[in-house]
Structure formats: C-alpha cells, structure tokens
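Worksheet for the structure shown next.
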Amino acid sequence: MTHTFGVNLRGVIDLLSHHLYSSPRVYVRELLQNAVDAITARRAVEPDAPATVVIEPAETTGTGRLRVTDSGIGLTEDEVHALLSTLGSTSKRDELGFARQGFLGQFGVGMLSCFLVAERVELTTRSAKGGPAVRWVADASGSYSVEVDERFATEVGTTVELVPRPDAEHWLCRDVVAALAEEFGSLLPVSVDVRGPGGDQRVTLGELPWLRGADESPEEHEARLSDYCEAALGFRPFGVLPVSAPAAGLTGAIFVLPGGAHPGNRQAHRVYLKRMLVGTAVEGLLPDWAYFARCVVNTETLRPTASREALYEDETLLAVRDQLGASLRDWMVRLGASQPERAGALLATHHLGIKSVALVDDEMLRLAERWLPFETTEGVMPLRQFRRRYPTLLYTPDADEFRQLAPVAEAQGIGLVNAGYAYDTELVRRLGELEGASVARRVEPTELLAALDSPAPEVAAGFAPVLSVAERVLARHDCAPVLREFDPVSLPALLISDPAGQRRQDAEQARQDSDPLWADLLERLVDEEPTASQRLVLNARNPLAQRLPALGGDAVAELVVESLYVHAVLQSRRPLRPRETAALNHSFLALLDRAVQP
Ligand SMILES: Nc1ncnc2c1ncn2[C@@H]1O[C@H](COP(=O)(O)OP(=O)(O)OP(=O)(O)O)[C@@H](O)[C@H]1O
C-alpha cells in the first residue's frame with residue numbers, strides 16, 4: 001500500500017526562513033516575481049494588456065495589512081486548487097518539467113515566503129480565461145479555504161493581502177516595503193508603484209540604465225552611468241565600460257574603482273536575473289585579478305541557486321567570467337593607446353591586479369612595461385623608459401639586495417632594477433622570455449664586484465697587513481675581505497653575498513643536520529667549494545679605509561674591521577645573526593672605550 005508524504009507547513013517555513021533565505025525581506029521579491037510572471041503570461045495571449053503592479057503598504061490600507069495588486073493573467077478556481085494549494089506546484093514549467101522561458105519563478109514555493117512575515121494570506125483573483133472571481137485564504141498552520149463569488153473582483157488580475165504576524169508588522173510598513181520594492185524591482189519591465197499619503201511612488205526605472213539612449217552621446221552616456229554607479233554602488237567610478245555576453249543573454253556595465261581596492265577583497269557584483277535583483281554581493285562574475293572592478297548586469301540564462309541570492313558555478317558562468325575579463329583587459333589596452341595618462345593613473349592605482357594578469361597575458365605585459373613604475377638606479381620609472389638607457393634589464397629579485405647594491409651600481413654606471421616586490425621578478429623574467437634572453441638578467445652580486453677597479457699595486461701592498469688581520473676576523477662570519485676602489489667615496493665597505501659560497505654554507509648546515517650517509521656525500525660537496533659566502537669589499541678610495549694601514553697594532557685593526565663588517569650588514573638590511581650582534585656590541589663598546597680614554 002502506498003501513502004503520500006504529509007508536509008508540516010510550520011517546519012517548511014522554518015526551513016525557508018532560517019536556512020534558505022537570508023532574511024524575511026525576500027517576501028517582497030517573491031510577490032513582485034509572481035505579479036510580473038502573471039503579467040508576462042497575460043501579455044503572451046493579450047499583448048496590449050496593462051502591465052502594472054500597485055503596492056499598498058500597511059499605513060495606506062489602514063488595516064495593518066499589505067496589499068499587492070497586479071494586472072496579470074489571474075487564476076481560475078481549478079488553478080487555485082492545483083497551483084496555489086499544492087507545495088512545489090507551478091505554472092512556470094512545461095510538461096517535461098523544464099523552466100519555461102520568460103518566467104522568473106520555477107519551483108512552486110515562492111508564495112510560502114509570505115509566511116515569513118504573515119500569519120494569513122488572502123488572494124483574490126479573476127482569470128483572463130473567464131469564470132468567476134475566486135478568493136483563497138491560507139494560514140500559516142497549513143489550512144486554506146477557497147470561495148467563489150462574482151463580487152470579489154471586477155478586473156482581470158490578482159490581489160494578495162498579507163495579515164502580519166504580531167512580531168513582523170514593521171515588514172509591511174511603507175518605508176520598508178518601498179525600499180525593498182525598489183531594491184529588488186527597480187529594473188523590472190513593468191511599472192511598480194508604492195502607494196503613499198503623498199501619492200504613488202514609482203520604483204521602476206523603465207529601461208536598463210546601461211542601454212544607451214537614441215539621442216545620447218557616448219560622453220553623456222558615460223556621465224549618466226557614472227551617476228548611476230555613484231547612486232547604486234556608492235562610488236564615482238574611474239572608468240565605465242558597457243559589456244555584453246549574448247550566449248548568456250547578459251548585458252550590463254563594469255565599473256572600475258577609483259582606488260582603495262585590495263586583492264583580498266571579496267568580489268561584490270550586482271546581478272539581476274530577468275531584471276529582478278539576485279544580489280548585491282554576488283561573486284564569480286569577473287576573474288580574481290579584476291578585484292578593482294564591479295559589475296552590474298542583467299542575465300536571462302544564468303542559473304540562480306534555490307535561494308535566488310547567488311549564481312550556480314556552471315559552465316555558462318565560467319564562460320561569462322572569461323568573456324567579461326577579456327572585455328576589461330581589452331578596455332585597459334585601448335585606454336593605454338588612446339589616453340596614456342589615464343591608463344598610467346589606472347595602472348598605478350591597481351598595479352597588483354594588473355601585474356598578476358601581465359604574468360599570463362602578453363598585451364597586459366606590454367602595458368605594464370610601458371606604464372608601471374619600477375624602482376631603478378635611474379629613479380622610479382616604467383621599464384620601457386629604463387630600457388632606453390640600458391637595453392638589458394639587470395634586476396635584483398630582492399628589495400634589500402637592491403638597496404645594498406644600488407649606490408655602488410649607480411656610481412659604476414650600471415643600471416639596476418628592483419624586482420623585489422610582488423610579481424616583479426616573474427614579470428621581468430616574462431619580458432625576457434617574450435623578447436629574448438638578453439633582455440632581462442638577474443644581477444649576480446659577484447658580477448658587480450668584477451666591475452669594481454682594483455687598486456694600484458703599491459696601494460694594495462700598503463693594505464696587505466690589514467687584509468690579513470681582516471681575513472682572520474671575518475672568517476668567523478663566513479666572510480672574506482677584498483680590496484677595491486669604487487664610488488661612492490663615502491662608502492667605506494660593501495657587503496656582497498656570493499651565491500656559490502651560500503650554497504656551500506647551506507650544504508654545510510645540511511651536513512650537520514643529516515644522517516651519516518648523506519653527511520659523507522655533502523662533505524664532498526662542501527669541500528669542492530671552499531669559498532666564504534660573503535665578501536667585505538673595502539673601498540680604497542674612502543678616507544676612513546685609507547687610514548686603516550696606518551693603525552697602530554692588530555687589536556685596533558680587528559675592532560675597526562669587525563665594526564665595518566657589522567655596519568655593512570646593517571646597511572644591507574639583513575637581520576643580524578647572533579654572532580654578529582655579539583660582534584656589534586663588543587666592537588662598539590671597545591671603540592667607545594678607546595675614544596674616551598684620557
Ligand atoms: N499573482 C499571481 N497571479 C497569477 N498566478 C499566481 C500569482 N501568484 C502565484 N500564482 C500561481 O501560483 C503558483 C505558485 O506560486 P509560487 O510563488 O509558490 O511559485 P512559483 O512562482 O511557481 O515558483 P518559485 O517558487 O520559483 O517562485 C505560480 O506558479 C502561479 O501559477
């Protein structure tokens with residue numbers, strides 16, 4: 001024997017209010033949706049039928065109830081039983097169960113959302129198909145009654161009245177209802193009026209704001225869209241671009257933020273489905289890199305989730321995202337060609353997002369090269385400008401390394417680029433991949449050392465005793481001294497790390513930490529390259545360094561060399577190692593002690 005499931009209406013309402021919809025406010029959307037669908041159905045058979053929805057809030061009806069009247073197709077008595085009184089039953093699907101084109105509803109549960117704010121719903125209707133007027137009265141406990149009486153309604157259409165729940169009266173008040181009707185329904189293709197003491201307030205705009213009027217110039221259109229963006233999204237956009245994706249029946253506009261966006265910000269796009277608002281913080285319409293832009297779109301085919309508050313991540317949405325992303329990118333490239341200054345300002349404001357696209361997109365890479373400011377030894381400038389002087393982009397992948405090497409490189413006439421910030425190294429490398437290996441190269445610190453002049457033999461001979469002291473002192477810090485002559489003269493010593501020596505040091509550390517088998521192998525590696533991992537390059541042109549050979553006794557020379565070393569480490573902004581901190585304390589205090597001796 002088979003039985004039919006019973007449904008506990010209270011339980012279903014609880015499910016809807018607490019788990020499906022984010023707030024009772026959606027009841028206005030569901031009422032508007034039913035009214036618009038009913039008008040669509042009537043106009044399919046009667047194209048000139050009126051298309052009006054009138055909302056009378058609690059204050060206007062004077063009974064505390066809310067009344068919504070539409071000029072739609074209405075319902076016959078049989079339809080009232082079959083469609084309204086059966087959960088999940090809908091007139092908006094075809095015989096095979098597919099959602100019928102042109103209708104907003106499809107699940108047959110929307111009416112239930114009225115019970116989020118009402119304890120009773122009264123629906124009075126007259127069908128365009130003929131027959132008497134019908135009244136359906138349902139209450140939140142799940143019981144309903146149907147009455148037929150010619151006198152209930154004279155016009156074709158439907159009136160829904162909500163009798164508020166004692167704790168939900170405010171949801172039916174004019175301010176709340178008008179605000180919600182405007183938020184959800186401002187773009188609907190019918191007229192929606194909210195009745196009030198001062199007359200009717202029309203909440204519908206008529207046309208989609210991003211469709212350009214016949215007598216509107218492009219400039220006027222852009223200015224109007226900027227005003228719309230300010231009113232709807234709360235910011236004056238840097239730029240506006242109308243977009244469309246015909247496959248998804250989508251039209252709309254992308255608004256570029258004037259500043260202040262962060263790559264980690266959630267995307268918050270305003271999406272309308274068949275001109276009814278889905279949400280104001282819908283995600284996924286633009287690629288992640290476009291975090292500095294917001295969309296307002298209307299779509300005919302993207303699928304809403306059951307709550308109608310988000311979109312399904314299906315293939316159509318992915319295709320739309322790619323297409324909108326490409327439109328934004330093309331717009332930026334065009335801006336770069338037609339209004340270079342504006343493009344430069346845009347890139348400077350949103351450089352992180354733009355750099356992340358440039359990593360995978362050649363056009364954007366060219367744009368970034370031409371417009372994005374980089375720190376270089378020639379000052380802050382775009383890479384294109386830097387390359388006019390230095391055909392090879394010699395870069396440091398680390399900002400500290402840049403700071404350490406830049407003054408010396410600059411004095412030797414070597415151009416350096418700081419590629420130490422997010423995405424910069426990859427970007428410069430990609431430029432090399434695109435245009436040939438000679439375009440970009442990481443500077444090897446030792447290469448800079450090679451560019452520095454060696455002092456004359458007699459000068460070197462004078463420094464020999466100091467250098468042997470320095471060799472001993474610096475060995476404690478895995479460093480070896482070198483004597484060179486270089487500018488700037490004000491710099492007594494420069495610390496340069498040697499990648500080969502660093503590898504050796506890493507291997508040494510690994511050897512100490514590893515098991516005997518590996519230790520043996522690593523030991524051989526370590527032995528192969530017995531170089532220190534750092535060089536302290538003493539500047540024979542610097543007046544302080546020049547006084548080193550004349551220092552009386554090894555003890556003072558030791559102190560000075562160690563101080564110069566620690567100073568050079570500090571200059572390089574590398575954190576001090578414990579042994580270096582100890583050396584700093586010791587040499588500083590010892591020199592102080594000597595300085596204050598009577
Ligand atoms: N104002 C109205 N005029 C005419 N018919 C209506 C009206 N309101 C509701 N109906 C009928 O009642 C049915 C059930 O409405 P309900 O809002 O519960 O679900 P739906 O609109 O079909 O789908 P969804 O759950 O997606 O909103 C509708 O399919 C429609 O046939």
Side-chain angles (χ1 to χ4, degrees), residues 7 9 12-13 15-17 20-21 26-46 49-56 66-95 97-118 121-131 133-138 140 142 144 146 152-153 155-162 181 184-185 188 190 192 273-274 276-278 303-309 312:
V7 175
L9 191 57
V12 174
I13 292 169
L15 180 76
L16 289 179
S17 54
L20 183 62
Y21 298 129
V26 295
Y27 89 90
V28 174
R29 182 189 70 196
E30 295 298 326
L31 283 173
L32 279 176
Q33 187 167 298
N34 281 342
V36 172
D37 281 345
I39 291 169
T40 307
R42 184 172 178 194
R43 286 197 141 192
V45 287
E46 216 184 305
T52 57
V53 181
V54 175
I55 303 177
E56 295 165 87
L66 172 95
R67 192 181 300 137
V68 179
T69 305
D70 68 65
S71 61
I73 193 156
L75 293 161
T76 63
E77 186 187 357
D78 287 349
E79 286 169 341
V80 165
H81 282 286
L83 298 168
L84 280 181
S85 316
T86 314
L87 268 191
S89 166
T90 176
S91 57
K92 300 164 192 175
R93 285 179 178 268
D94 60 21
E95 302 71 35
F98 288 112
R100 281 169 58 194
Q101 280 290 317
F103 290 104
L104 291 156
Q106 52 173 306
F107 300 116
V109 297
M111 266 313 257
L112 275 187
S113 67
C114 292
F115 291 115
L116 298 174
V117 296
V121 178
E122 293 186 13
L123 181 145
T124 310
T125 183
R126 178 180 285 275
S127 171
K129 297 172 192 159
V134 186
R135 176 165 293 166
W136 173 82
V137 180
Y144 75 95
V146 179
F152 287 147
E155 303 273 324
V156 169
T158 302
T159 298
V160 181
E161 271 194 30
L162 305 189
F184 287 116
L188 287 172
V190 300
V192 178
L273 181 62
K274 295 176 183 149
M276 174 74 85
L277 183 78
V278 171
R303 278 200 309 140
T305 55
S307 67
R308 288 193 152 267
E309 289 168 19
Y312 265 117

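Quick caveat, the model's predicted, so the values are computed rather than measured. Both ligands and their constituent atoms are indexed starting at 1 by order of listing.
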Note to self: Please evaluate residues Val134 and Leu75 with respect to the criterion side-chain contact (heavy atoms from CB on, under 4.5 Å), reporting the C-alpha separation (whole Å), side-chain torsions for both, the decisive distance (0.1 Å), and the verdict.
What the structure shows: CA-CA 8 Å; Val134 186; Leu75 293 161; over 6 Å; no
So, the side chain of [X] versus the backbone of [Y]: is there a donor-acceptor pair under 3.5 Å, distance only?
| X | Y | answer |
| --- | --- | --- |
| Thr158 | Asp70 | no |
| Ser113 | Glu30 | no |
| Arg29 | Leu277 | no |

Note to self: Using side-chain heavy atoms (C-beta onward) and a distance below 4.5 Å, is Thr69 in contact with Glu56?
What the structure shows: yes
Could you tell me which atoms of ligand 1, counted from 1 in the order shown, lie closer than 4.0 angstrom to a heavy atom of [X]?
| X | result |
| --- | --- |
| Ala38 | 3 (N), 4 (C) |
| Gly110 | 16 (P), 17 (O), 18 (O), 19 (O), 24 (P), 25 (O), 27 (O) |
| Leu83 | 14 (C), 31 (O) |
| Leu84 | 9 (C), 12 (O) |
| Gln33 | 27 (O) |

Next item on the list: Under 4.0 Å, heavy atoms only, figure out whether ligand 1 is touched by the backbone of Asp70, its side chain, both or neither.
Entry: side chain
Margin query: What I want to know is whether Asn34 and ligand 1 share at least one N or O pair that is separated by under 3.5 angstrom.
Written below: yes
Check: If you measure from CG on Leu32 to CG on Asp37, what distance do you get to the nearest 0.5 Å?
Finding: 11.0 Å
Item checked: For the student: nearest non-hydrogen atoms of Ala118 and Leu162, plus distance -> CB-CB, 3.9 Å
Item checked: Sub-4.0 Å heavy-atom contact, Ile73 with ligand 1 -> no
Check: Counting heavy atoms only, which of Met111, Glu30, Arg29, Glu79 is nearest atom 27 (O) of ligand 1?
Finding: Glu30
